Protein chains: 2
Amino acid sequence: MADSFRTADEISISDVAQKAGVSVATVSRVLNGHTNVREPTREKVLAAVAASGYRINELARNLRTAESRMLLTMVPDFGNPFYAAIVRGIDSVARQNGYFMLLCDTGADPGRERSYFDLLRGRRADGAICLDPAAIQQALAEEAATLPWVACCEFDPAAGVPYVGIDNYQAAGDVVRYLLSQGHRKIALINSGRGYLYSRQRAEGYRNALSAAGIDADPAWQIDLDTLDYAAGESAARTLTRLRRNRSTAVFAVSDTLAIGVINGLRGVGLRVPDDMAVIGFDDIAVAAQIDPPLTTVAQPMRELGETAARLLLKRLREPTAHVPGVLLPHKLMIRRSA
Amino acid sequence: MADSFRTADEISISDVAQKAGVSVATVSRVLNGHTNVREPTREKVLAAVAASGYRINELARNLRTAESRMLLTMVPDFGNPFYAAIVRGIDSVARQNGYFMLLCDTGADPGRERSYFDLLRGRRADGAICLDPAAIQQALAEEAATLPWVACCEFDPAAGVPYVGIDNYQAAGDVVRYLLSQGHRKIALINSGRGYLYSRQRAEGYRNALSAAGIDADPAWQIDLDTLDYAAGESAARTLTRLRRNRSTAVFAVSDTLAIGVINGLRGVGLRVPDDMAVIGFDDIAVAAQIDPPLTTVAQPMRELGETAARLLLKRLREPTAHVPGVLLPHKLMIRRSA
DNA sequence: CTGAAAGCGCTAACAA
DNA sequence: TTGTTAGCGCTTTCAG
């Protein structure tokens, strides 16, 4: 058996009851802090617990109470530092409320995501927070409609699933308008795959801000990537610089990791930032302020995003029928030296 | 109740049995893939399962089988990208073996770590992988002696707990010897707190490599920090440059995050890397190759570290009494341009 | 204030 | 091959 080397301490509530000379019900009462137990009795029980080194079997308790006190968090990639801060926020409110957080990396794969949702169906988690691409969420929304989960960062406003995120459209517009104010007219957009809501929203914010300034975005300025890692940004930078005519003077990357890769790629071909090409990122991950030049970027309130998501979920768990609204948190353009 | 909005689909194995016209035992058999069920019976059951949308209650199954099929992973800080790759390795072998990974951030706090160990005691996890500082592990080693866990990166070789890591002493020596070969004689060490085994081992490797070259390390060259974040590296760099006499010409930081902060701090006071000061980091996190100048660092086989840890744990779970040895994986000096 | 007893939903002997 | 039954360890009525 898996736990045969624990058999020695395989002591249960009835052992404790026996040792204390009371019933299991009484032991259970003191374990759960019920007040209707006389002080001397409570002490006898506590003594027996201490003496035996007894530990409650949460599995049994969970079966009985029909809850696992686990919150599932699904991220598409926990190698991306962006998620780390969000996850911290989730974790901290989860713990404050007596839940453990079960963190899973879906790799943005629907199959993996589904298998994690099975944790909910199998009662091993009470609720879930999903940070996966909106497209994936939609694919599962129907079959997961009755499950208690909320969306964070990525969401489908029409899905009826509670969510928290930021106004990506506005944020992208802010970036473009700032670049415009610095005299740029040719602004490139390095975007991620279309499965992401933020990607569509930021693209739209970018295009509209540009056309509001009377500029037609050159399609050659827009690059779609299917990953957010540094290398992808690096190669996108090369693609951009290869443009013979109508080369952009600025680039907006939808993630700091991409932007950092872009800067590196630019340096590789001997271009200076921001003089030859300005670059702006998104997220404001910790390393953004450390590189040379320090990265101008859009800060997301990552920790609050996570905390809010957790609170929405907890609320949904407590009041299953209550309407839980979507909430949008403020972002902020951090102007540093890369643009 | 927490799940009152799921009551509609609160269907159990006996409902399925009834619907299929068989006993619960038979349903259980087909659910668990036992072969001693006639084909027509199996099909009846499967049909009933499908028709009712039944989902097994894992909580009940777990109670019955006395295992949770969860593996706990404790990291001191999942904001540090170093851990991300390790955790991926753990997660992938866990999943391959039918386990879910429960990831927890202890913040290197013994209290938090203890509360996570309680997941084991409460049977909500079958085993654990601990990446916390060796000092913290030791504090808990005695009370956790009978629990199935393994140590990863940080460990106490004498504790009898299976472990996987690298040869930190040797790695630090490699760094120093490389710097020596580049003509450096004055080499600083930016280290983390003494709770970490790697910190003690690298300090020793550093000192011995230096004295093997006939150099006495100036105490002023050695800085101990209590965190690994970028800002700490930045301020350590300033401390170092403030040295009037006997200022070092190279610095070895025990983590890439620190090294990146150092480079940033150096830039802040107008010093160039590597010309004015060479810097070497440790870990080879993804961003290390992206910054300017690209960071020379010691690569750890992070994914393999995680995979190995998971395999050791799984082995320990399968064969509780088997002797599971400690294993050391190879590291590699990545020479880039910062030194 | 305390105890007896009935399950939570499942698996695994043991019978048939 | 299938069903009956006895729990896994706990919480929670319901009596007393």
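Hydrogens, waters and symmetry mates play no part in the numbers below; they use all other heavy atoms, side chains included. Naming: A, B, ... by sequence-line order, numbering from 1 per chain. Everything numeric here is computed off the predicted structure, so don't read it as measured data.
Inspection of the A:Ser68 and B:Arg124 side chains reveals no N or O donor paired with an N or O acceptor under 3.5 Å.
Note on B:Leu31: nothing from the nucleic acid sits closer than 4.0 angstrom, heavy atoms only. Nucleic acid contact for B:Asn32: sugar-phosphate only, since backbone atoms but no base atoms lie under 4.0 Å from a heavy atom of the residue. Here A:Thr26 lies in heavy-atom contact (under 4.0 Å) with sugar-phosphate atoms only. Among the protein residues, B:Ile56 comes within range of the sugar-phosphate backbone only, with heavy atoms under 4.0 Å from sugar or phosphate atoms but none that close to a base. Backbone-only engagement by A:Asn57 is indicated by non-hydrogen atom pairs under 4.0 Å involving sugar-phosphate atoms exclusively.
Read 5' to 3', the first and last nucleotides of DNA chain C with an atom closer than 4.0 Å to a heavy atom of chain B are C:dG9 to C:dA13.
In this structure, B:Gln18 places its CD atom where only 12 or fewer heavy-atom neighbours from other residues, nucleotides or ligands lie under 6.0 Å away.
Rounded to 10 degrees, the angle between the two end axes of the helix from C:dC1-D:dG16 to C:dA16-D:dT1 is 40°, with five pairs used at each end.
An OP1 or OP2 oxygen of D:dT11 is reached within less than 4.0 angstrom by no side-chain nitrogen or oxygen of A:Thr65. The phosphate of D:dT2 (OP1 or OP2) has a side-chain N or O of B:Arg38 nearer than 4.0 angstrom.
In this structure, the separation between OH on A:Tyr116 and OG1 on A:Thr73 is 12.0 Å, given to the nearest 0.5 Å.
Taking the six-membered ring where the residue is Trp, B:Phe117 and B:Trp149 present perpendicular rings, their angle passing 60° and hence far from 30°.
Residue B:Val22 places its side chain closer to D:dG3 than to any other of D:dT11, D:dG3, D:dC8. Listed nucleotides D:dC10, D:dT2, D:dC8 differ in distance to B:Leu63; the shortest reach to its side chain belongs to D:dC8.
Between B:Arg114 and B:Glu143 there is a salt bridge, with a side-chain nitrogen of the basic residue lying less than 4.0 Å from a carboxylate oxygen of the acidic one.
Residues satisfying the side-chain hydrogen bond (donor to acceptor under 3.5 Å, both in side chains) test with B:Glu154, not counting sequence neighbours, are none.
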